[in-house]
Amino acid sequence: MRMCPQCDGFVPASIDRCPNCDHRVEPPRAKGMSLRGKVATTLLGAGTAMTLMACYGAPCGADDECFGPIDDTGGPEETCNPQANVTALTPGTTTQGGSLAALAGSDKGSCGGDGDEDVYQWTPPAPGDYRLSVDASMDTVLYVRTPDTVQGGSCGTELACVDDVDGAQNPVVDVTVNDTEPLIVVVDAFGTDGAGDYALTIQEI
């Protein structure tokens with residue numbers, strides 16, 4: 001790594017022009033280097049890489065927490081939509097009906113859900129144990145998340161995700177809540193060809 005004489009910016013050894021001002025930089029002179037010099041150069045290079053990463057950001061790898069669609073190169077299993085239309089359930093609601101279309105959705109839980117989805121905000125009436133279930137004419141997925149106050153929409157930390165229960169296509173999720181903070185509940189079609197009506201039921205157990 002060299003210093004540009006024009007703008008004092010860093011110039012990688014592999015190029016002969018400054019990436020900041022395009023000034024031509026003379027290549028370094030070839031000379032011998034002591035072991036101490038080699039170690040110092042290695043440490044400087046590592047420090048520079050870390051500084052550049054801090055400035056420009058490292059690429060999102062397979063193990064990183066990133067939001068976005070799944071692809072063959074390895075991405076997050078869960079996806080969310082900060083712009084999702086979230087329907088707040090009326091307090092005391094025990095059954096909510098809906099309909100899903102045969103199209104790809106923008107949300108996906110850790111257990112699946114590539115199709116259309118409906119996103120609800122449910123506020124528990126009191127701390128306790130609750131059962132959420134879906135009765136539908138097609139294969140559905142049900143997942144529960146805590147709201148993300150920064151991103152909003154359907155984003156948040158997943159608490160539970162269920163696809164099939166004992167071979168049945170109607171998912172059932174049991175959750176324990178310690179307060180009355182709202183939760184995000186997503187009813188999702190398992191596949192993009194899933195379409196039909198459903199009923200979401202919430203009951204205390």
Applying the 4.5 Å side-chain criterion to the ILVMFWY set and letting contacts propagate, would V186 and L200 be lumped into a single cluster? no
For D107 and S154, what are the C-alpha separation, side-chain angles and deciding distance, and is it a side chain to side chain donor-acceptor pair (under 3.5 Å)? CA-CA 8 Å; D107 286 277; S154 61; 2.3 Å; yes
Sequence-distant partners of D129, side chain to side chain contact (heavy atoms under 4.5 Å, CB included), two or more places apart: T176, I205
List the residues meeting side chain to side chain contact (heavy atoms under 4.5 Å, CB included) with T95, not counting sequence neighbours, and say none if there are none. A199, T201
Quick check: do C155 and N81 have side-chain heavy atoms less than 4.5 Å from each other? no
The test is side-chain contact (heavy atoms from CB on, under 4.5 Å); show your working for C111 and V141 and say whether it passes. CA-CA 8 Å; C111 61; V141 176; 3.5 Å; yes
Exercise: identify the closest heavy-atom pair between C161 and G112: SG-N, 4.4 Å
Would you kindly confirm whether V134 and V175 end up in one hydrophobic cluster when ILVMFWY residues are joined by side chain heavy atoms under 4.5 Å apart? yes
Hey, could you give me the CG/SG distance between D148 and C80, rounded to the nearest 0.5 Å? 7.0 Å
Measure across P127 and T180 and return the closest heavy-atom pair with its distance rounded to 0.1 Å. CD-CG2, 4.1 Å
In short, A160 meets V173 closest at the heavy-atom pair CB-CG1, 3.6 Å
Contact list for residues 128-162, test ring-ring contact (aromatic ring centres under 6.0 Å, His included), sequence neighbours left out: W122-Y130
Are the side chains of T94 and I202 in touch, meaning some heavy atoms are under 4.5 Å apart? no
Closest non-hydrogen atoms of G194 and A189, given as atom of the first, atom of the second and distance, are O-CB, 4.0 Å
Please give me the minimum heavy-atom distance between P182 and P124, naming the atom from each residue. CA-CD, 4.4 Å
So do the side chains of T140 and P171 get within less than 4.5 Å of each other, counting heavy atoms only? yes
So, using side chain to side chain contact (heavy atoms under 4.5 Å, CB included) as the criterion, who are the partners of T157 when residues are at least two apart? T146
CD/Q121: more than 12 non-hydrogen atoms of other groups inside 6.0 Å: yes
State plainly whether one hydrophobic cluster holds both V119 and L100, where clusters connect Ile, Leu, Val, Met, Phe, Trp and Tyr through side-chain heavy atoms under 4.5 angstrom apart. no
Looking only at side chains, do N170 and Y198 share a donor and an acceptor under 3.5 Å apart? no
State yes or no: do L142 and L89 share one hydrophobic cluster built from I, L, V, M, F, W and Y residues joined by side-chain heavy-atom distances below 4.5 Å, directly or via other members? yes
Check for me, please, whether V187 and L132 land in the same ILVMFWY cluster - side-chain distances under 4.5 Å, paths through other members count. yes
Sub-4.5 Å side-chain heavy-atom contact between V86 and I184: yes
Can you find a pair of side-chain heavy atoms, one from E117 and one from K108, that are under 4.5 Å apart? no
According to side chain to side chain contact (heavy atoms under 4.5 Å, CB included), who are the partners of A101, at least two apart in sequence or on a separate chain? L103, D116
Shortest non-hydrogen separation from S99 to D118 and the atoms involved: O-OD2, 3.8 Å
Applied to residues 173-199, the salt bridge (charged side-chain N to carboxylate O under 4.0 Å, His left out) test, sequence neighbours excluded, yields R131-D174
